[in-house]
Amino acid sequence: MEICITIDEEHCNELYNSLIQDNNQDITMECRDNKITIKIKNAKISSIYNLIDDIVRDYETFKKIGEL
């Protein structure tokens, strides 16, 4: 499974750094061309929901902090 989040270049690395802290061996991420690509591998189907939920919550928090 692959998730891409498009974001301006200025904030791409900042978002990457906020997401990488929740990273585990089943997730790889890279920030390139104003996109953060998140690849989930070897995850159980039952775990995919939780991984995506964590990523979305981290992204929402990052957006809210950026609006302050």
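Just the heavy atoms: all of them, side chains too, but no hydrogens, waters or symmetry mates, feed the values below.
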What's the spacing between [X] [atom1] and [Y] [atom2] if we round to 0.5 Å?
X   : Y   : atom1 : atom2 : result
N34 : H11 : CG    : NE2   : 11.5 Å
E14 : I65 : CD    : CD1   : 10.5 Å
D58 : K63 : CG    : NZ    : 14.5 Å
C4  : D33 : SG    : CG    : 10.5 Å

Original post:
salt bridge (charged side-chain N to carboxylate O under 4.0 Å, His left out) with E30: which residues, sequence neighbours excluded?
Top reply: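 E30 satisfies salt bridge (charged side-chain N to carboxylate O under 4.0 Å, His left out) with R32 only.
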
Original post:
D53 side chain to Y49 main-chain N or O, any donor-acceptor pair under 3.5 Å?
Top reply: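 Side chain of D53 to backbone of Y49, a donor-acceptor pair under 3.5 Å: no, none is there.
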
With heavy-atom distances below 4.5 Å as the criterion, would you say the side chains of [X] and [Y] are in contact?
X   : Y   : value
I3  : T37 : no
I7  : F62 : yes
I36 : C12 : yes

Subject >> Test side chain to side chain contact (heavy atoms under 4.5 Å, CB included) applied to I38 and I5, T28, I52, the passing residue >> reply: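 The residue from I5, T28, I52 that satisfies side chain to side chain contact (heavy atoms under 4.5 Å, CB included) with I38 turns out to be I5.
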
